[in-house]
Amino acid sequence: MTSPSARHALDDIPVYKPGKSAADEDHKLSSNENPYGPLPGVMERAATQLGRINRYPDAGMTALYDALSAKFGLSPDHFAASTGSVAVLFALLNAHCEDGDEIIYAWRSFEAYPIAADLTGATTVRVPLRADATHDLEAMAAAVTDRTRVILVCTPNNPTGPIVTAAELETFLDAVPSRVLVVVDEAYVEFVRAPDVAHGLDVLAARENVVVLRTFSKAYGLAGLRVGYAIARPAVAEAIRKATPPFSVTDLAQAAAVASLDSQDELDKRVEAIVQERIAMHAALRAQGWEVPQAEGNFVWLPLGDDAMEFAAACDPVSVRPFAGDGVRISVGAPEINAEFIALAAAWRAK
Ligand SMILES: *Cc1c(COP(=O)(O)O)cnc(C)c1O
């Protein structure tokens, strides 16, 4: 008897490893979550949807696309939303790639990339980060072949932290054929303070082969409700929407996302507080002698190499995110927990 078997494309797909949970959620600095709860008014507006969960959600996501349209000054057909920008990426890659195609991304980068890319059956080309943990866009452009369909650019890069600059992205896009789709993943864009950062929306205005990914999971603090979106030329956005399962974003999540967009002032305050904590953590770690790369997201990276796992264990009860043989990512949490982590990092160096 033979049993059913999944496509061979799945053979090498790693099982997604969630951030280690902590004794209490405040000590969880392993998943780049927002330490603040939902923005003012968000719970109330989401709750109005609870009484009608016998109904399917608005598959056209009209209110959400209208709100995004107003925010960005682009018509609603420029957007494609789904259950987090990871789900948008799955749909986008499925819409563009199959066996025999190639997908290029930097490594190390976001752990969801290998999963989303491998699922399509395409071949993946990983281009190593430079020594300072930045994207090597020159090498990525040089890796393009006739089979390349999509290139993923993560700025700031998760888990290492640095941005891609505007000048670097322009040069890169000039070098990449316009038939290749370039995905600029800006999951942490709200936390960026580097003045020379690339703006995905600026390059999107001039080029047809750019897709910008955004999410409500990080700065907006809605990770649990799962809403992310692509911004792209209407034809590209339409292909992503076609490849997305219908009714995926609940009305509860859509209402929460729209309400969050209405809370811009409070969002700005919270993001600025997190940025200030990040700057302080970065400076404190540098002062301890750590080689911390540029940190423009809501996290910092310690390139611990073979000590990554041991360091993470030594951080208990603070939960951090180790990548074996490479480094450890620490999310910016509440100030007192960040201070606890800084003390643990100092103790490690002193041992
Ligand atoms: C967190 C993150 C996302 C967004 O994830 P969601 O699916 O929207 O929760 C996308 N890209 C990167 C690089 C991330 O770190």
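In listed order, ligands and their atoms are each counted from 1. Every heavy atom of this structure was used, including side-chain atoms; hydrogens, water molecules and symmetry mates were not.
Distances from atom 8 (O) of ligand 1 to the heavy atoms of Val86, Thr215, Asn298 put Thr215 nearest.
Of the charged side-chain nitrogens involved, at least one lies within less than 4.0 Å of a carboxylate oxygen, so that Asp251 and Arg52 count as a salt-bridged pair. The pair Lys269-Glu272 fails the salt-bridge criterion, with no side-chain N (NZ, NE, NH1 or NH2) lying under 4.0 Å from an Asp/Glu carboxylate O. Taking 4.0 Å as the cut-off between side-chain N and carboxylate O, Asp118 and Arg7 do not count as a salt-bridged pair.
Within the 4.0 Å heavy-atom criterion, the part of Cys154 lying near ligand 1 is the side chain and not the backbone. Only the side chain of Asp185 comes within 4.0 Å of ligand 1, counting heavy atoms alone; its backbone N, CA, C and O stay farther away.
Nearest non-hydrogen protein atom to atom 7 (O) of ligand 1 is Arg226 NH2, 2.8 Å. For atom 1 (C) of ligand 1, the nearest protein heavy atom (residue, atom name, distance) is Lys218 NZ, 1.2 Å. Closest protein heavy atom to atom 9 (O) of ligand 1: Ser217 OG, 2.6 Å. If you check which protein heavy atom lies closest to atom 4 (C) of ligand 1, you get Ser85 OG, 3.1 Å.
A side chain to side chain contact (heavy atoms under 4.5 Å, CB included) with Leu29 is found for exactly one of Ser319, Cys315, Ser331, namely Ser331.
Taking the six-membered ring where tryptophan is involved, the planes of Phe299 and Tyr188 are perpendicular, since the angle between them exceeds 60° and thus also 30°. Using bins of under 30°, 30° to 60° and over 60° for the plane-to-plane angle, the ring pair Phe311/Trp290 lands in the perpendicular bin. Phe323 and Trp301 have tilted rings, their planes meeting at an angle from 30° to 60° on a 0 to 90° scale.
The distance from ligand 1 to the heavy atoms of Asn158 drops below 4.0 Å at these ligand atoms: 13 (C), 14 (C), 15 (O). The atoms of ligand 1 that sit less than 4.0 Å from any heavy atom of Ala187 are 2 (C), 3 (C), 10 (C), 11 (N), 12 (C), 14 (C).
For the ligand labelled ligand 1, residue Tyr188 lies inside the 4.0 Å heavy-atom shell.
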